[in-house]
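Remarks on the structure that follows.
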Amino acid sequence: MDKADNTTENFSDRIKFKNGLYASVGVGLEYRNFVTELAYVHTTAKIKWSDEDETSTRKYNNNALRLTVGYKFNF
């Protein structure tokens, strides 16, 4: 938001995302109704944006170690 003239610029027509690979490897454990999981997650994407002067492309990689803890309800 530009505070000088109180307008908001729309970037959606200048930024494009292309989804890539999603891969995950994990191990889980269940004890009675409690569950837990440890996973390594890798995602990739490409981001392309246009400015007044140029167009750029950049790869976006995200690696995460995810710990999930939960409870399983018996309905």
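Since the model is a prediction, treat every value here as computed from it, not as a measurement.
With rounding to the nearest 0.5 Å, the separation of CG in Asn62 from OG1 in Thr44 is 10.0 Å. For the atom pair OG1 of Thr57 and CD1 of Ile47, the computed distance is 10.0 Å after rounding to the nearest 0.5 Å.
In plain terms, the two heavy atoms of Trp49 and Ile15 that are nearest each other are CB-CG1, 4.0 Å.
Lys59 meets the salt bridge (Lys or Arg N to Asp or Glu O under 4.0 Å) test with no other residue; sequence neighbours excluded.
Put simply, the side chain of Thr36 never gets that close to the backbone of Leu29: no donor and acceptor are under 3.5 Å apart.
The side-chain heavy atoms of Tyr22 and Val41, taken from C-beta on, include a pair separated by under 4.5 Å.
The environment of Tyr71 atom OH is dense: over 12 non-hydrogen atoms of other residues, nucleotides or ligands sit within 6.0 angstrom. Residue Tyr60 qualifies as open at atom OH: its count of foreign heavy atoms under 6.0 Å is 12 or below.
Linking ILVMFWY residues whenever their side-chain heavy atoms come closer than 4.5 Å, directly or via other members, leaves Phe73 and Val35 in distinct clusters.
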